[in-house]
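Structure first, commentary second.
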Amino acid sequence: MATDAFESIVEDFEFLEDWEDRYRMVIDLGKQMQPLPENQKNALTKVDGCASQVWISPQITGTGPDAVLSFQGESDALIVSGLISVLSALYNEQTVSQIAQTDAVAEMGRLGLDKHLSAQRSNGLRAMIARIQGLAAATLEGAA
């Protein structure tokens, strides 16, 4: 249930055979992101469990299962900013019910990142996924 934007990243990854090129692509995706406004870098948006500083600032439009989640994010680490960009391609502008049904670990596994990220980066990626899925779940339950 991946978005067209995520499928485009998957296709680009398949084209690149060298992992150095793939890392460079992820970093370039992060560099293209708009910086998060300073007032959105706070304790509420900070993602715990990441070795780097990571903030994900959500916006939820609507209520219930058809509510749409979008988010901006930023990290002080280039590769992590790139991972935020990849997660944005996977999740942004999706309904919370679509997000709840998306197996992000499997989708990210299509990129092979699970085999090529350090343990700390993998933990951070899981923490970012958990934050986004938690926001979707809370909205589905009517708590957000």
Side-chain angles (χ1 to χ4, degrees), residues 1-16 21-144:
M1 177 184 284
T3 65
D4 290 342
F6 186 79
E7 290 300 333
S8 178
I9 293 172
V10 171
E11 288 174 18
D12 289 345
F13 256 61
E14 289 171 352
F15 178 75
L16 300 171
D21 291 336
R22 291 178 181 185
Y23 278 125
R24 224 177 338 271
M25 180 187 158
V26 171
I27 289 169
D28 287 344
L29 288 171
K31 288 179 180 178
Q32 294 170 20
M33 291 178 35
Q34 293 294 319
L36 194 62
E38 287 300 317
N39 66 347
Q40 291 183 24
K41 295 179 186 177
N42 56 54
L44 293 175
T45 61
K46 189 166 186 327
V47 178
D48 294 323
C50 297
S52 306
Q53 297 287 322
V54 178
W55 299 272
I56 292 179
S57 180
Q59 179 180 0
I60 298 171
T61 306
T63 59
D66 293 326
V68 175
L69 177 98
S70 58
F71 65 89
Q72 288 182 275
E74 188 175 327
S75 175
D76 60 351
L78 290 175
I79 190 75
V80 178
S81 289
L83 293 174
I84 294 168
S85 181
V86 173
L87 288 175
S88 177
L90 180 63
Y91 284 129
N92 247 352
E93 303 299 323
Q94 298 293 299
T95 67
V96 293
S97 59
Q98 289 170 315
I99 291 170
Q101 295 171 8
T102 299
D103 183 347
V105 174
E107 293 295 341
M108 296 301 277
R110 292 172 57 202
L111 299 175
L113 291 172
D114 53 330
K115 296 178 181 80
H116 294 280
L117 291 176
S118 69
Q120 284 184 324
R121 295 284 185 243
S122 293
N123 288 339
L125 179 60
R126 283 191 292 276
M128 290 185 283
I129 290 168
R131 167 65 64 88
I132 295 164
Q133 289 178 337
L135 291 164
T139 302
L140 279 171
E141 295 170 7

Would you please name every residue forming a side-chain contact (heavy atoms from CB on, under 4.5 Å) with [X], sequence neighbours left out?
X	value
Glu38	Lys41
Ser75	Ser52, Val54, Ala77, Val80, Ser81, Ile84
Ile79	Tyr23, Val26, Ile27, Arg121

Nearest heavy-atom neighbours spanning Cys50 and Val47: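 Residues Cys50 and Val47, closest heavy atoms: SG-CG1, 3.8 Å.
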Chi angles and distances behind the salt bridge (charged side-chain N to carboxylate O under 4.0 Å, His left out) call for Glu14, Arg110: CA-CA 9 Å; Glu14 289 171 352; Arg110 292 172 57 202; 5.6 Å; no
Atom CG of Asn42 with >12 non-hydrogen neighbours under 6.0 angstrom: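 More than 12 heavy atoms, drawn from other residues, nucleotides or ligands, come within 6.0 Å of this atom.
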Non-neighbouring partners of Phe71 that pass ring pair (Phe, Tyr, Trp, His ring centres under 6.0 Å), sequence neighbours left out: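 With sequence neighbours excluded, Phe71 shows a ring pair (Phe, Tyr, Trp, His ring centres under 6.0 Å) to no residue whatsoever.
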Inter- and intrachain pairs under salt bridge (Lys or Arg N to Asp or Glu O under 4.0 Å), touching residues 53-73, at least two apart: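 Qualifying pairs, neighbours excluded: none.
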Sub-4.5 Å side-chain heavy-atom contact between Leu113 and Leu83: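 They are in side-chain contact.
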side-chain hydrogen bond (donor to acceptor under 3.5 Å, both in side chains) against Asp76, all qualifying residues, sequence neighbours excluded: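 Once residues adjacent in sequence are excluded, Asp76 has no partner under the side-chain hydrogen bond (donor to acceptor under 3.5 Å, both in side chains) criterion.
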Test item: Thr139 side-chain N/O and Leu135 main-chain N/O as donor-acceptor pair under 3.5 Å: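 Between the backbone of Leu135 and the side chain of Thr139 there is a qualifying donor-acceptor contact (under 3.5 Å).
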Main-chain N/O of Thr45 paired with Ser57 side-chain donor or acceptor, under 3.5 Å: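 Side chain of Ser57 to backbone of Thr45: no pair is present.
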Rounded distance (nearest 0.5 Å) linking atom OG of Ser85 with atom CD1 of Ile9: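 That separation rounds to 5.5 Å.
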Full working for side chain to side chain contact (heavy atoms under 4.5 Å, CB included) between Val10 and Glu107: CA-CA 9 Å; Val10 171; Glu107 293 295 341; 5.7 Å; no
